[in-house]
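Down below is the structure, laid out as structure tokens.
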Amino acid sequence: MRILYIFAIFATFLDLSLGDGDDENVDYQITDKTYPEGFVFGVATASYQIEGGWNEDGKGEQIWDTWIHNNPGIVADGSTGDVASDSYHKYKEDVACMKEVGVQYYRLSISWARILPTGRIDKVNQAGVNYYLNVLKELKANGIEAMVTLYHWDLPTALQDIGGWTNPEIVEVFADFARLSYGLFGDYVQTWVTINEPKQICHGGYANAGYAPGIDSKGVGEYSCARNILLAHARGWHIYDQEFRSKQNGRITIVIDSDWYEPTNYTPEDEQAAETKRQFVFGMYANPVFIGNWPQVMIDRVADRSAKEGFNSSRLPAFSDEEISLIKGTYDFLALNHYTTYMVGAADEPAIGSPSWELDAGGNVYQKDTWEQAAIGWFRVVPWGFGKLLKWIKATYGDLEIVITENGVSDRTGTLEDDHRINYIRSYMSHMLDAMYEDNIKITGYTLWSIIDNFEWTQGFNAKLGIYYINMTDPERPRVAKKSSKYYAKVIETGCLLDSCA
Ligand code: BGC
């Protein structure tokens, strides 16, 4: 308890926990400060969300193809990613959009099954390799750097058939895929991301059946998935570090997503509940990489609840000492995706019954109805949460270089007059600038999701996040600039968020 009080005082001093979360934006002024020289701006996409060409030129099937084809009702508007934004054929138009906006880099992902149809390196699909080489050459010709994610959720189905991310076999299979990719593409890639958002992969895919492969194994599946993901990431990082870094001079890390979890009130109990939730969300993936091992609060809580549930060992599988050292330090910078905020209040310890990560984390987690809502249900616009998350990361993990690898907002219509998106970008980026100037947080890059409207997973085409509109019923899929693309272009040119900037 004493420690909690000390933390609360410390947190207040750091302005981490203002409590309550109400109307924190009322008096907020967008900063007139500008992004420093050398700060870089990019845009992001992911293979399945934009490419289409789902079975073209020898591509293998991946879990989202399989899951959606087998469960037609699973996507909100009944659509699929079979064609998506058709970037398999229209990547040059995507690059032209980026050129128009003036971004310094493009974050894209490789479809594992496009280059390795079975997921394994014994059969390489040359047409798939050529596709990515063409994209990378087009970027280079236009002076745009490449940030390439190896895994953005599209696991070859053949690998899911052997258990996917819950089978330890995946670690070395991923390592092979990583090594092959560095060798094939590394001369064109300035920054590598091993894996995008392990939380979404493990919790959506293997615990609550919200994402492909649609497995419901709550309280067990996400932990074994997380363990293998972290080991696979670490192997991928070391292979680059030892075999490619000196020749290719790139950087490599893992992308971790986190919402901000604000305590309901200033009380030590609410602060503890919020901090526990942060550890179960961000710490679950960040601790092993930046500190070593799972967060202690996770080790303790999952072991305790597992024992009460009658398990013979903790549902959170332990890392050996060798595994802890293998994973620890496998980053060149901290890559963060952030979209929204939740409130967390203290709650009674959840009853023992069906195991789940949510119950392991505890707390009363909710969003406020007063917060503006975007097209996706969980998605509310809470710019101040971004600043608090950044401060908490610095206070918890130290003075690391941070690159924002995703941030952006959805709507349903894809309107070209997307002032709400400009407001979102402006206010989130303003809180980020405050964190840089007022708290000396070393943020060196910002990546907007997304350059074009695309296939938003189980929302299909119902949620549009692009700064270029695509009419998904038009076979030509023309890219049309939204107002937000002009705004982002101006921010990149001037480093300034205000309309009054020259
Ligand atoms: C994912 C993207 C997704 C975005 C918006 C992130 O979690 O990495 O693939 O489109 O959120 O929902």
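Since this is a predicted model, take the numbers as computed values, not measurements. In listed order, ligands and their atoms are each counted from 1. The figures that follow rest on heavy atoms only: side chains count, while hydrogens, waters and symmetry mates do not.
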Report summary line: Any heavy atom of Phe379 under 4.0 Å from ligand 1? The part involved is neither
Report task. Run down the list Trp378, Trp449, Tyr339 and name the one with the heavy atom closest to atom 11 (O) of ligand 1. Result -> Tyr339
Query - salt bridge (Lys or Arg N to Asp or Glu O under 4.0 Å) pairs, two or more places apart, involving residues 147-170 - result: Arg120-Glu169
Query raised in the report: Which bit of Asn196 is near ligand 1, meaning a heavy atom under 4.0 Å away: side chain, backbone, both or neither?
Result: side chain
**Report entry** Salt bridge flag under 4.0 Å for residues Asp216 and Lys218
**Finding:** yes
Query - Short side-chain donor-acceptor distance under 3.5 Å, Glu93 and Tyr468 - result: no
Query raised in the report: Between the side chains of Glu372 and His420, is a donor N or O closer than 3.5 angstrom to an acceptor N or O?
Result: no
Query raised in the report: Who are the side-chain hydrogen bond (donor to acceptor under 3.5 Å, both in side chains) partners of Asn130, not counting sequence neighbours?
Result: Gln126
Query raised in the report: Could Lys199 and Trp153 be counted as a cation-pi pair, given that NZ or CZ must be under 6.0 Å from the ring centre and within 45° of the axis?
Result: no
Requested in this report: Please determine if Trp457 has a nitrogen or oxygen closer than 3.5 Å to a nitrogen or oxygen of ligand 1.
Outcome: yes
Report summary line: the protein heavy atom lying closest to atom 7 (O) of ligand 1 turns out to be Glu197 OE1, 2.5 Å
Query raised in the report: For the residue pair Trp64 and Trp67, does the interplanar ring angle fall in the parallel (under 30°), tilted (30 to 60°) or perpendicular (over 60°) class?
Result: perpendicular
Report task. Say whether His152 and ligand 1 are in contact under the criterion: heavy-atom distance to a ligand atom below 4.0 Å. Result -> yes
**Report entry** Which residue and heavy atom of the protein sit nearest atom 6 (C) of ligand 1, plus the separation
**Finding:** Glu406 OE1, 3.0 Å
Report summary line: Numbered in order shown, the ligand 1 atoms found under 4.0 Å of a heavy atom of Trp153 are 1 (C), 7 (O), 8 (O)
Query - N or O contact, Gln200 vs ligand 1, cut-off under 3.5 Å - result: no
Query raised in the report: Under 4.0 Å from any heavy atom of Glu456, which atoms of ligand 1 are there?
Result: 3 (C), 5 (C), 10 (O), 12 (O)
Query raised in the report: Counting both backbone and side chain atoms, is some N or O of Gln49 under 3.5 Å from an N or O of ligand 1?
Result: yes
Requested in this report: Please state whether the rings of Phe174 and Trp165 are parallel, tilted or perpendicular, taking 30° and 60° as the class boundaries.
Outcome: tilted
